[in-house]
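In what follows, a structure is listed as structure tokens, so that the remarks can point back to it.
Computed from a predicted model, the values in this text were never measured in an experiment. Just the heavy atoms: all of them, side chains too, but no hydrogens, waters or symmetry mates, feed the values below.
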Amino acid sequence: MPFAAADRPLKLNLALWGPSGAGKTYTSLALARRLGSRVAVVDTEHGASRLYASRFPHDSLVLDAPFGPERFRELLAEAERAGYHVLVIDSLSPEWGGPGGCLDLVAGLRQQGHKPHQAWGLVTPRHDALLDAINRSPLSVIVTLREKPRLQLVGDAPSVPEPVMRDRFEYEYDLVLHLTP
């Protein structure tokens, strides 16, 4: 088996997560422009990426619900076919917790009578297929993730920030950064 050519462009899979206002969109676009000249954005944040289009040129598609994993896989494949260098998904959190996302899919299966393990057994492979497609893509892929609202705990125990995504998501990316305002 031959080794990969050394002149292959740098590929980075990056996840940025944090609360609203932390700069996830801005940072993802700034990094994307450093990784390649042709940047595509899948925008689930109601067009937020367009605010930075003059500073960081990119092509964007505003994606509305439903946010099933297959839609994101299709858009990744479309960006590959179109010859983009970088795909930014701002934000990938709706794929997990938004309308038509994985949690919704499991809830729908539960309403149809599936037991929890059966429902997760049907949805988990769909989510995992998206993560596998991101990892196998020749594109650099930058995803942003929303931060779950912090609960104020009683006593001295501090609340710990968490992204809106499946537990242990960080193992799927080359680099994971938590941004704070």
- Message: Can you tell me how far apart CD (E170) and CG (L177) are? Round to the nearest 0.5 Å.
- Response: 12.5 Å
Side-chain donor-acceptor contacts of residues 80-90 below 3.5 Å, not counting sequence neighbours, with atom names and distances?
{"residue": "E80", "atom": "OE2", "partner": "S137", "partner atom": "OG", "Å": "2.6"}
{"residue": "Y84", "atom": "OH", "partner": "D59", "partner atom": "OD2", "Å": "2.5"}
{"residue": "H85", "atom": "ND1", "partner": "S37", "partner atom": "N", "Å": "3.2"}
{"residue": "H85", "atom": "ND1", "partner": "R38", "partner atom": "N", "Å": "3.0"}
{"residue": "D90", "atom": "OD1", "partner": "T25", "partner atom": "OG1", "Å": "3.3"}
{"residue": "D90", "atom": "OD1", "partner": "T144", "partner atom": "OG1", "Å": "2.5"}
{"residue": "D90", "atom": "OD2", "partner": "T25", "partner atom": "OG1", "Å": "2.6"}

- Query: What distance separates W120 CH2 from H114 NE2, expressed to the nearest 0.5 Å?
  - Reply: 14.0 Å
- Note on the structure: Heavy-atom nearest pair, A65 first then R71, reads C-NH1, 3.7 Å
- Query: For the hydrophobic clusters of this structure (ILVMFWY residues joined by side-chain heavy atoms under 4.5 Å, transitively), does one cluster hold both V143 and M165?
  - Reply: yes
- Task: Could you label the plane-to-plane angle of the Y26 and Y52 rings as parallel, tilted or perpendicular, counting under 30° as parallel and over 60° as perpendicular?
- Result: perpendicular
- Message: Between L122 and V106, is there shared hydrophobic-cluster membership here, with clusters defined by ILVMFWY side-chain heavy atoms closer than 4.5 Å?
- Response: yes
- Query: Roughly how far, to the nearest 0.5 Å, is the CZ atom of R146 from the OG1 atom of T44?
  - Reply: 5.5 Å
- L29 reachable from V141 in the ILVMFWY side-chain graph, under 4.5 Å edges: no
- Hydrophobic cluster membership, V39 vs L75, 4.5 Å side-chain cutoff: no
- Residues passing the ring-ring contact (aromatic ring centres under 6.0 Å, His included) test with H127, sequence neighbours excluded, are W96
- So do E95 and L63 actually touch side chain to side chain, heavy atoms under 4.5 Å? no
- Output for pair (W17 CH2, S91 OG), nearest 0.5 Å, gives 12.5 Å
- In one Ile/Leu/Val/Met/Phe/Trp/Tyr side-chain cluster, 4.5 Å: V164, V123: no
- Task: Only one of V176, L139, I134, I142 passes side chain to side chain contact (heavy atoms under 4.5 Å, CB included) with N13; say which it is.
- Result: I134
- Message: Could you measure the distance from the CZ atom of R166 to the CG atom of L145? Nearest 0.5 Å is fine.
- Response: 14.0 Å
- Does F56 offer a backbone N or O that forms a donor-acceptor pair with the side chain of H58 under 3.5 Å? yes
- Query: Taking D43 for the side chain and S60 for the main chain, is one N or O donor matched with an acceptor at less than 3.5 Å?
  - Reply: no
- Distance from D132 atom CG to R73 atom CZ, nearest 0.5 Å? 8.5 Å
- K24 side-chain N/O to L179 backbone N/O, donor-acceptor pair under 3.5 Å: no
- Message: Is there a side chain to side chain contact (heavy atoms under 4.5 Å, CB included) between E147 and H178? Walk through the geometry before answering.
- Response: CA-CA 9 Å; E147 185 171 294; H178 178 218; 2.8 Å; yes
- Among L131, L12, L14, which residue meets the side chain to side chain contact (heavy atoms under 4.5 Å, CB included) test with Y173? L131
- Message: Can you confirm whether P19 sits close enough to P181 that some side-chain heavy atom of one is under 4.5 Å from a side-chain heavy atom of the other?
- Response: yes
- Quick one: are P69 and L105 in side-chain contact, heavy atoms under 4.5 Å? yes
